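Worksheet for the structure shown next.
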Amino acid sequence: SARDYDDWATMCQDESWKGLNMIDYFKKAEEALAPNLKQEWHGTSGPSGVSDVPYQNDLSKAFVQAAIEAGHSYIDDFNDWSKSQSGFGRFHVSQRGGRRETAYSA
């Protein structure tokens with residue numbers, strides 16, 4: 001999260017490590033393939049694809065729904081640093097065309 005980077009910047013006394021300074025490096029590395037990813041937090045032309053998991057089993061859906069019904073927040077993008085990342089939701093994955101992307105394959 002951005003707060004982690006902010007804490008590291010404070011610890012090493014180097015403001016260049018602050019979260020909002022680092023986000024551009026993450027954006028350069030990825031290509032957002034999922035339709036709900038905002039360009040403010042995700043890249044569009046990097047070598048590593050970021051997509052939705054193509055399959056969601058019923059138990060996963062029920063787990064997230066139960067958390068929401070219990071009063072927890074739904075998070076649609078855990079990499080959106082403009083809001084709290086405390087809650088439940090589905091993570092995006094490093095995949096392109098259903099295949100996992102790695103530093104080697106990207």
Side-chain angles (χ1 to χ4, degrees):
S1 73
R3 185 173 21 172
D4 291 330
Y5 284 93
D6 293 346
D7 290 346
W8 295 330
T10 300
M11 286 179 359
C12 66
Q13 299 176 351
D14 184 348
E15 295 294 306
S16 67
W17 279 95
K18 282 193 163 271
L20 293 179
N21 295 334
M22 298 301 297
I23 193 69
D24 287 337
Y25 294 101
F26 291 110
K27 289 168 66 173
K28 287 178 186 178
E30 69 181 23
E31 178 183 1
L33 302 172
N36 65 322
L37 297 178
K38 299 176 189 159
Q39 289 185 11
E40 181 179 0
W41 305 107
H42 295 277
T44 58
S45 59
S48 182
V50 177
S51 61
D52 291 318
V53 177
Y55 171 78
Q56 296 181 25
N57 68 45
D58 291 337
L59 185 57
S60 294
K61 292 176 188 176
F63 178 81
V64 172
Q65 186 60 39
I68 293 166
E69 290 174 11
H72 297 282
S73 297
Y74 176 75
I75 308 297
D76 63 346
D77 183 359
F78 285 95
N79 292 320
D80 181 342
W81 289 357
S82 69
K83 57 187 176 184
S84 173
Q85 295 174 320
S86 180
F88 290 80
R90 302 283 298 172
F91 284 98
H92 293 96
V93 294
S94 296
Q95 288 185 354
R96 185 184 304 274
R99 296 187 60 105
R100 185 177 189 279
E101 297 237 314
T102 64
Y104 176 78
S105 65

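Sequence positions, counted from 1, serve as the residue numbers for this chain. Nothing here was measured: the structure is a model prediction, and the numbers come from that model. Every heavy atom of this structure was used, including side-chain atoms; hydrogens, water molecules and symmetry mates were not.
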Approximate separation, where rounding is to 0.5 Å, of [X] [atom1] and [Y] [atom2]:
X	Y	atom1	atom2	answer
S94	E31	OG	CD	12.0 Å
D77	F91	CG	CZ	10.5 Å
R96	E101	CZ	CD	4.5 Å
T44	Q39	OG1	CD	5.0 Å

Aromatic ring proximity F26/Y5, centre distance under 6.0 Å |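 For F26 and Y5, the ring centres are under 6.0 Å apart.
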Could I get the full list of side chain to side chain contact (heavy atoms under 4.5 Å, CB included) partners for F63, not counting sequence neighbours?
->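 Per chain and number, F63 pairs via side chain to side chain contact (heavy atoms under 4.5 Å, CB included) with F88.
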Using the rule that two of Ile, Leu, Val, Met, Phe, Trp, Tyr join whenever any of their side-chain heavy atoms come within less than 4.5 Å, decide whether W8 and Y25 are in one cluster.
->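 W8 and Y25: one cluster.
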Distance-only, no hydrogens or angles: does the [X] side chain make a donor-acceptor pair with backbone N or O of [Y] under 3.5 Å?
X	Y	value
D6	G19	yes
S51	Q95	yes
Q85	F78	yes
N21	E15	yes

Considering all heavy atoms, the nearest [X]-[Y] contact:
X	Y	result
T102	R100	CG2-NH1, 3.0 Å
D80	S82	OD1-OG, 2.5 Å
L33	G49	CD1-CA, 3.8 Å
I23	L20	CG2-O, 3.5 Å
G89	Y74	CA-CE1, 3.9 Å

Scan R90, K83, K38 and name whichever one has a salt bridge (Lys or Arg N to Asp or Glu O under 4.0 Å) with D76.
->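 So, applying the salt bridge (Lys or Arg N to Asp or Glu O under 4.0 Å) to D76 and each of R90, K83, K38, only K83 qualifies.
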Using links of under 4.5 Å between side-chain heavy atoms of ILVMFWY residues, direct or through other members, which residues join V50 in one cluster?
->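 Besides V50, the cluster holds L37.
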Within 6.0 angstrom of W41 CH2, more than 12 heavy atoms from elsewhere |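 Check passes, neighbour count above 12.
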Are the side chains of H92 and N36 in touch, meaning some heavy atoms are under 4.5 Å apart?
->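 With C-beta onward as the side chain, the pair touches.
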